[in-house]
Amino acid sequence: MAAQAGKDVLLKIEGAPGVFTTVAGLRARTISLNAKTVDATDGDSAGRWRELLAGAGVRSAAVSGQGIFRDAASDALVREAFFDQAAKRWRLVVPDFGVLEGPFLVAALEYAGEHEGEATFALSLASAGAIGFSVI
């Protein structure tokens with residue numbers, strides 16, 4: 001697999017059912033997939049080595065991004081998702097890897113700006129249900 005440009009990682013939010021809008025102006029984005037483990041170690045564990053219960057942990061996904069304001073439509077969708085605190089459907093596209101899609105809550109939304117610079121934003125998403133994965 002060849003190196004990928006970071007700009008090709010896309011973060012999209014669903015506006016109307018089945019219609020996804022790319023969150024414009026993102027300069028940095030991070031996708032973190034997590035799985036908590038369940039320790040099933042007991043007195044009968046071989047050599048007292050830790051045993052983990054397969055498939056029993058809680059899975060989650062977290063997404064963060066930061067960038068500049070560029071598009072009123074995507075800015076409005078993200079802002080509404082935060083203030084409504086409703087789980088919106090998001091699509092995360094990672095070239096040559098796959099597409100993650102599912103419900104996320106906007107856990108944090110920050111705005112900043114320098115007097116002689118551009119207005120910026122940062123957002124954090126937390127998974128709020130089952131996340132699907134499909135290979136590109």
Side-chain angles (χ1 to χ4, degrees):
M1 178 172 107
Q4 292 292 315
K7 67 181 180 182
D8 293 337
V9 177
L10 298 177
L11 179 59
K12 298 172 175 264
I13 183 172
E14 186 178 43
V19 178
F20 287 85
T21 301
T22 299
V23 176
L26 280 175
R27 290 184 172 168
R29 45 208 98 28
T30 303
I31 301 167
S32 177
L33 303 173
N34 304 290
K36 290 189 178 190
T37 58
V38 174
D39 190 339
T41 309
D42 61 24
D44 292 330
S45 296
R48 295 194 178 177
W49 282 96
R50 177 177 69 172
E51 294 181 31
L52 298 176
L53 187 57
V58 174
R59 292 183 290 174
S60 65
V63 180
S64 62
Q66 58 190 33
I68 60 170
F69 291 108
R70 294 190 46 128
D71 178 68
S74 67
D75 294 345
L77 288 171
V78 172
R79 186 177 57 248
E80 289 169 11
F82 175 77
F83 284 108
D84 292 347
Q85 278 300 288
K88 298 285 186 174
R89 198 151 192 81
W90 292 74
R91 183 178 286 166
L92 315 164
V93 181
V94 182
D96 288 343
F97 176 69
V99 176
L100 296 157
E101 186 175 316
F104 285 84
L105 284 175
V106 179
L109 182 58
E110 300 175 30
Y111 298 101
E114 299 278 331
H115 177 71
E116 293 186 23
E118 69 275 358
T120 63
F121 72 98
L123 67 99
S124 297
L125 305 176
S127 59
I131 305 298
F133 176 79
S134 58
V135 177
I136 295 180

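What you see is a predicted model, and the numbers here were worked out from it, not measured in a lab.
Scored by the side-chain hydrogen bond (donor to acceptor under 3.5 Å, both in side chains) test, T22 finds K12 as partners (sequence neighbours excluded). Every residue two or more places apart in sequence or in another chain that forms a salt bridge (Lys or Arg N to Asp or Glu O under 4.0 Å) with E101 is listed here: R89, R91.
L109 CG to L123 CG: the interatomic distance, rounded to the nearest 0.5 Å, is 6.5 Å. Note: L92 CG to T30 OG1 = 11.5 Å, rounded to the nearest 0.5 Å. Rounded to the nearest 0.5 angstrom, T41 OG1 and L53 CG are separated by 10.5 Å.
Note on I31 and V135: same hydrophobic cluster, where clusters join Ile, Leu, Val, Met, Phe, Trp and Tyr whose side-chain heavy atoms are under 4.5 Å apart, directly or indirectly. Residues V19 and V93 do not share a hydrophobic cluster, clusters being chains of Ile/Leu/Val/Met/Phe/Trp/Tyr side chains in contact below 4.5 Å. Cluster membership for I68 and V23, using ILVMFWY side-chain heavy atoms within less than 4.5 angstrom, is not shared. Y111 and I13 end up in the same hydrophobic cluster when Ile, Leu, Val, Met, Phe, Trp and Tyr side chains are linked at under 4.5 Å.
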Steps toward side chain to side chain contact (heavy atoms under 4.5 Å, CB included) verdict (F104, I131): CA-CA 9 Å; F104 285 84; I131 305 298; 3.6 Å; yes
Trace of the side chain to side chain contact (heavy atoms under 4.5 Å, CB included) decision for L33 with L100: CA-CA 10 Å; L33 303 173; L100 296 157; 4.2 Å; yes
Stepwise side chain to side chain contact (heavy atoms under 4.5 Å, CB included) check, E118 with T120: CA-CA 6 Å; E118 69 275 358; T120 63; 4.0 Å; yes
Working for side chain to side chain contact (heavy atoms under 4.5 Å, CB included), residues W90 and L125: CA-CA 9 Å; W90 292 74; L125 305 176; 3.6 Å; yes
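Between E51 and A46, the shortest heavy-atom distance links the atoms OE2-N, 3.9 Å. The shortest heavy-atom contact between A130 and P103 is O-CD, 3.4 Å. For the pair V78 and V106, the tightest heavy-atom approach, listed with the atom from each and the gap, is O-CG2, 4.3 Å. When every heavy atom of S127 is checked against every heavy atom of S60, the shortest pair comes out as OG-CA, 3.5 Å.
Within 6.0 Å of the CZ atom in F83, the count of heavy atoms belonging to other residues, nucleotides or ligands does not exceed 12.
Put simply, the side chain of L26 reaches to within 4.5 Å of the side chain of F121, judged on heavy atoms. Annotation: side chain of R29 is not in contact with side chain of V63 (no heavy-atom distance under 4.5 Å). A heavy-atom distance below 4.5 Å is not found between the side chains of F20 and L10.
Note on residues 74-85: pairs passing side-chain hydrogen bond (donor to acceptor under 3.5 Å, both in side chains), not counting sequence neighbours, are D71-S74.
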